[in-house]
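Order of the sequence lines sets the chain letters (A, B, ...), proteins ahead of strands, with each chain counted from 1.
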2 protein chains.
Amino acid sequence: MPDPSPIPRLKPGRRSENRRENQRLILAAAEKVFAEAGFGGATMQLIADMAGLPKANLHYYFATKEELYRRVVQDIFEIWLHAADSFDAAPDPASGIGAYIDAKMEISRRHPAGSKVWASEVMHGAPVIQDYLETTLREWTGGRAALIQGWIDAGKMDPIDPQHLLYMLWATTQHYADFGHQIETLNGGAPLTEAQWQAAKASVKQIILRGIGALPGA
Amino acid sequence: MPDPSPIPRLKPGRRSENRRENQRLILAAAEKVFAEAGFGGATMQLIADMAGLPKANLHYYFATKEELYRRVVQDIFEIWLHAADSFDAAPDPASGIGAYIDAKMEISRRHPAGSKVWASEVMHGAPVIQDYLETTLREWTGGRAALIQGWIDAGKMDPIDPQHLLYMLWATTQHYADFGHQIETLNGGAPLTEAQWQAAKASVKQIILRGIGALPGA
DNA sequence: TCTTTTCCTGACCGTATGGTCAGGGTGCAG
DNA sequence: CTGCACCCTGACCATACGGTCAGGAAAAGA
């Protein structure tokens, strides 16, 4: 036998490999379509076309439109949460919040569709991720608020309501994704250049960090 | 003749009066439904039910769903623009921008549905109000940016890119409408109280005005 | 090889939606 | 009072949607 085959079930097989690939294709297409048309405006046919698969195949992997949508939103939420790693273990507000702004701006730039889906979901009353808001997000928010309060107590920044500061961080950074089309239009119809993105990040960081008294100079 | 009838067509009549009232009902219901379900998810039947009118009556006043939607978005845009009056004729950034923040926060509080419809429209690529973005909004933005630049040149505030400052103002104030559900959930499921709204306004103003160096103290 | 399991899809179905229309009602001018 | 123009709406229609399913293809296991 020329084939020793040391481990029988070694190769994952084209089977599960193809399965993952198809799911990836569907989820990517779904994210785009949901972002562009909203849940109600999105159609399974459109998602199927964009993924290059027959519609019935979508229903093989995802039983219903809602299930597919839920997966998309959950995936976004995961990315969202990981962005907060920049927050932790920072010695002071300037570095912690600064890094968080950078991370969230980068996500707005790289995953604008995801941000839009999230925004749309929340705007419509969070019908499918209400439980996430009440558990994971609430815990996350409480933790960061406590962290910020610690900085305030330590005299590292001005006394600002941590909750409203967090809202401001979310609003400002996500605006560049959610309202990207408006920004692009006001930019003469062209997407922001690399330099403009850097300028945006710098402006946001400057205003907020200075605004909370976390910048040494000035 | 006991009736002098100084002006023949004086009384507007119940006719046009009822017409206006019905249109108002429909537009109010449409704003709510479009905000809650998005354009694609909204149905004429739902709007009709909420307005207390038969569906066919909607089509008497507004030929198509798109036409009704367009009217809703246009009305919001008008309110949006009027809010900027606070901006003009202000001697310095603190009062001008401060008043603008107050005005926009108040709109977010009073017209959350309108804000959501606008956000949704822009997020989906502004299919029906693209021309507004390219004309009215672009002019408005250019004017305010010049005004801010004037303040900067006069040394009344730090050198901040006016464009990004405007984005920040929009993002932050509208967040309280667009993400009101998320904020409410993080607030223990209860809407913000009067005091909390005041705190929100104060926080936003403090961070931004201090952040751009427009606050005398500190 | 044969069997079993998983994967895939064209064709189909019930439903709900945006929109239409004929016909009846109603305020108002003359 | 009469005629007319505007107003209103129940019933209807074509379409498009989410979802189903029978049956074939292909890989995995024996």
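Distance CG (B/L68) to P (C/dT17): 16 Å, rounded to an integer number of Å. Put simply, CG on B/N57 is 16 Å from C1' on D/dA11, counting in whole angstrom units. Atom pair A/Y60:OH and D/dA26:P shows a separation of 15 Å (rounding to whole Å applied). Rounded to whole Å, atom C1' of C/dT17 lies 13 Å from atom CZ of B/F34. Rounding to whole angstrom units, CD1 of residue A/I26 and C1' of C/dT9 are separated by 13 Å. Nucleotide D/dA26 holds its P atom 15 Å from the CG atom of A/N22, rounded to whole Å. Rounding to whole angstrom units, NZ of residue B/K55 and P of C/dT17 are separated by 8 Å. Between B/H59 atom NE2 and D/dG10 atom P there is a gap of 15 Å when expressed in whole angstrom units.
The local environment of NZ in A/K32 is sparse, with at most 12 non-hydrogen atoms from other residues, nucleotides or ligands closer than 6.0 Å.
Ring pair B/Y100/B/F87 is tilted by interplanar angle, where 30° to 60° counts as tilted. Ring-plane geometry between A/Y132 and A/F77 is classed as perpendicular, the angle between the planes exceeding 60 degrees on a 0 to 90 degree scale with a lower cut at 30.
In terms of position along DNA chain C, the nucleotide closest to A/L53 lies nearer the 5' end than the nucleotide closest to the other residue of the pair A/L53 and B/A63.
The side chain of A/N18 places no N or O atom within less than 4.0 Å of a non-bridging phosphate oxygen (OP1 or OP2) of D/dA26. Phosphate proximity of C/dT6 to A/R19: absent, as no side-chain N or O sits under 4.0 Å from OP1 or OP2.
A salt bridge between B/E106 and B/R110 is present, with a side-chain N of the basic residue lying under 4.0 Å from a carboxylate O of the acidic one.
The side chain of A/P54 approaches C/dG10 more closely than any other nucleotide in the set C/dG10, D/dC7, C/dG18. Checked against C/dC7, C/dT9, D/dT9, the side chain of B/A56 finds its nearest nucleotide in D/dT9.
Nucleic acid contact class of B/E67 (heavy atoms, under 4.0 Å, all strands): none. Residue B/A48 is out of contact with every strand shown, counting any heavy-atom pair closer than 4.0 Å. Counting any heavy atom pair closer than 4.0 Å across all strands shown, A/Y61 reaches sugar-phosphate atoms only and no base atom.
With 3.5 Å as the limit, one finds no donor-acceptor pair spanning the side chains of B/S203 and A/D161.
With hydrogens and angles ignored, no donor-acceptor pair under 3.5 angstrom links the side chain of A/K65 to the base of D/dG19.
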